Amino acid sequence: MAKKNIFTDAFGTPYFLKRLIIFILGIVSYRRFNGFNKLKITGTENLVDLPDSNVLFVSNHQTYFADVAAMYHAFCSVNNGYLNTIKNPIYLLNPKIDFYYVAAEETMNKGILPKIFKIAGAVTVKRTWRAEGKNVNRMVDMSEVDNIMKALDNGWVATFPQGTTSAFAQGRRGTAKLVKNQRPIVIPIKINGFRRAFDKKGLRVKVTGVKPTMEFKPPLDIDYDKENAHEILHKIMTAIEQTEDFNLLHNYDEELKAKKSEQRDS
């Protein structure tokens, strides 16, 4: 696997360019998280003693870019000793630069701004089940898996196991297989309120006065020798609260169906 050096990251991107992009995007997005809306961050004490590499963050997904932008703010803040707060944006002068995130290739190639986000640390992958709004069925590109492993070998990586912003969508086994093979420290992230505060892309403020939340949970306890990919995936989806057990609307619908059935039988 390729290694970073003092000038570039593991993919050859100059650090000075990453620092500049993270700083500019951080300044531009700051009021979205600590102005128009107030982002509440909890659990960053779970990040303090993490190693510099082989750490995988797994999160639910509500917008294309706001979720990741908020993570950058949180990681940069922790990198400068601030816990559970982004109130002092001076942390943008000393950003967390060895942070990468997994993103759909088609999303990152649409427009100039996504391409700038890409330089900041995107590891792009082609969805195996959907492309350009259509269902597809294609093989996993192993070079993309190698890139994710390269990122893990050289820093922190965030991924969204559902691969979509739809709530309670099924998790993709590729994430669990990666965890099984790479054996990283896995930190679950639970976000909420981003869908209400921002548009789907996460670039436009849709509603002000919202208090989005981002909770960093303790590392998952995974027995890499005994647990299979299915068990690991279930553990991940439970930790980010995306199983049907957390779907209150689904439970309500099921209860309503049961009541109607009882009324018909009586």
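Position 1 is the first residue of the sequence, and the numbers go up from there. These figures come from a predicted structure and were not determined experimentally.
Residues D146 and S143 bring no donor and acceptor atom of their side chains to less than 3.5 Å of each other. Between the side chains of N192 and E215, no donor-acceptor pair of N or O atoms lies under 3.5 Å. With hydrogens and angles left out, the side-chain atoms of Q170 and Q162 include no donor and acceptor closer than 3.5 Å. Side chain to side chain, Y15 and N5 fail the donor-acceptor criterion of an N or O pair below 3.5 Å.
Using a 4.5 Å cut-off on side-chain heavy atoms (C-beta onward), P212 and N37 make contact. Under the 4.5 Å side-chain criterion, counting only non-hydrogen atoms from C-beta, T107 is in contact with F65. Using a 4.5 Å heavy-atom cutoff, the side chains of F198 and F36 are not in contact. Taking 4.5 Å as the limit, every side-chain heavy atom of V186 sits out of range of all side-chain heavy atoms of P219. Residues V102 and I148 are in side-chain contact: their nearest non-hydrogen atoms beyond the backbone lie under 4.5 Å apart. Counting heavy atoms from C-beta outward, N79 and N94 have side chains that approach closer than 4.5 Å. When side chains are defined from C-beta on, D153 does not count as touching S53, because their heavy atoms never get closer than 4.5 Å. Contact annotation: the side chain of T63 never approaches that of D199 to less than 4.5 Å [non-hydrogen atoms, C-beta and beyond].
Residues F23 and F7 do not share a hydrophobic cluster, defined by chaining ILVMFWY side chains whose heavy atoms lie under 4.5 Å apart. F194 and V207 fall into different hydrophobic clusters, where Ile, Leu, Val, Met, Phe, Trp and Tyr are joined by side-chain heavy atoms under 4.5 Å apart, directly or via other members. By the rule that hydrophobic residues join a cluster once side-chain heavy atoms approach within less than 4.5 Å of another member, M214 and V210 end up as members of separate clusters.
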For E231 and K226: C-alpha separation, side-chain torsions, deciding distance, then whether salt bridge (Lys or Arg N to Asp or Glu O under 4.0 Å) applies. CA-CA 10 Å; E231 292 168 326; K226 295 182 179 180; over 6 Å; no
Using the rule given for side-chain contact (heavy atoms from CB on, under 4.5 Å), can you reason through I191 versus Q62, listing the C-alpha separation, both sets of side-chain angles and the distance that settles it, and then say yes or no? CA-CA 8 Å; I191 66 171; Q62 295 193 343; 4.0 Å; yes
side-chain contact (heavy atoms from CB on, under 4.5 Å) assessment of T165 paired with K200: CA-CA 8 Å; T165 57; K200 186 172 183 178; 3.6 Å; yes
I would like to know whether E244 and N247 meet side-chain contact (heavy atoms from CB on, under 4.5 Å); could you show each step before the answer? CA-CA 5 Å; E244 285 297 338; N247 190 346; 3.2 Å; yes
Might you work through the side-chain contact (heavy atoms from CB on, under 4.5 Å) test for I86 and L39, ending with a clear yes or no? CA-CA 8 Å; I86 59 168; L39 176 64; 4.2 Å; yes
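Between Y224 and V179 the shortest heavy-atom distance is CE2-O, 3.3 Å. Closest non-hydrogen pair, A158 versus M71, comes out as CB-SD, 3.9 Å. Across H61 and R195, no two heavy atoms sit closer than the pair O-NH2, 3.7 Å. What you find for T85 and S77 is that their closest heavy atoms are O-OG, 2.6 Å. Taking both residues in full, the closest heavy atoms of P218 and N46 are given as N-ND2, 3.5 Å, listed atom of the first, atom of the second, then distance. The two atoms that bring Y100 and A10 nearest to each other are OH-N, 3.6 Å, heavy atoms only.
At distances below 3.5 Å, not a single donor-acceptor pair connects side-chain atoms of T159 with backbone N or O atoms of P161. Within the 3.5 Å criterion, the main-chain N or O of K4 finds a donor-acceptor partner in the side chain of N154. Checked by atom type and distance alone, the side chain of K190 never pairs as donor or acceptor with a backbone atom of N60 at under 3.5 Å. Remark: side-chain polar atoms of K96 are not paired, donor with acceptor, to backbone N or O of V78 under 3.5 angstrom. At least one donor-acceptor pair closer than 3.5 Å links the side chain of Y30 to the backbone N or O of K87. Between the side chain of Q242 and the main chain of F168, a donor-acceptor pair closer than 3.5 Å is present. A donor-acceptor contact shorter than 3.5 Å is absent between the side chain of D98 and the backbone of D52. For the pair Y91 (side chain) and F75 (backbone), a donor-acceptor distance under 3.5 Å is absent. Within the 3.5 Å criterion, the main-chain N or O of R183 finds a donor-acceptor partner in the side chain of N54. At distances below 3.5 Å, at least one donor-acceptor pair connects side-chain atoms of Y72 with backbone N or O atoms of A120.
Going from atom CD1 of I21 over to atom CG of L25 covers 7.0 Å, rounded to the nearest 0.5 Å. For the atom pair K115 NZ and M108 CE, the distance stands at 11.0 Å (nearest 0.5 Å). Annotation: the span from I189 atom CD1 to I41 atom CD1 amounts to 10.5 Å, rounded to 0.5 Å. Here F99 contributes atom CZ and C76 contributes atom SG; the two are 9.0 Å apart, rounded to the nearest 0.5 Å. Atom CD1 of I90 is separated from atom OH of Y82 by 6.0 Å, given to the nearest 0.5 angstrom. For the atom pair CD1 (I187) and OG1 (T44), the distance works out to 11.5 Å, reported to the nearest 0.5 Å.
Ring planes of F33 and H73: perpendicular class, angle over 60° (limits at 30 and 60°). In this pair, F216 and F57 present their aromatic rings perpendicular. The plane angle is above 60°, beyond the 30 to 60° band.
For N147, the side chain to side chain contact (heavy atoms under 4.5 Å, CB included) partners are F11, V123, K150, not counting sequence neighbours.
For residues 10-39, the pairs satisfying salt bridge (charged side-chain N to carboxylate O under 4.0 Å, His left out) are D9-K18, with sequence neighbours left out.
When the shell of 6.0 Å around NZ of K40 is examined, it contains 12 or fewer heavy atoms from other residues, nucleotides or ligands. For K217, the NZ atom is densely surrounded, since the number of other residues' heavy atoms within 6.0 Å is greater than 12. Within 6.0 Å of the CG atom in N228, the count of heavy atoms belonging to other residues, nucleotides or ligands exceeds 12.
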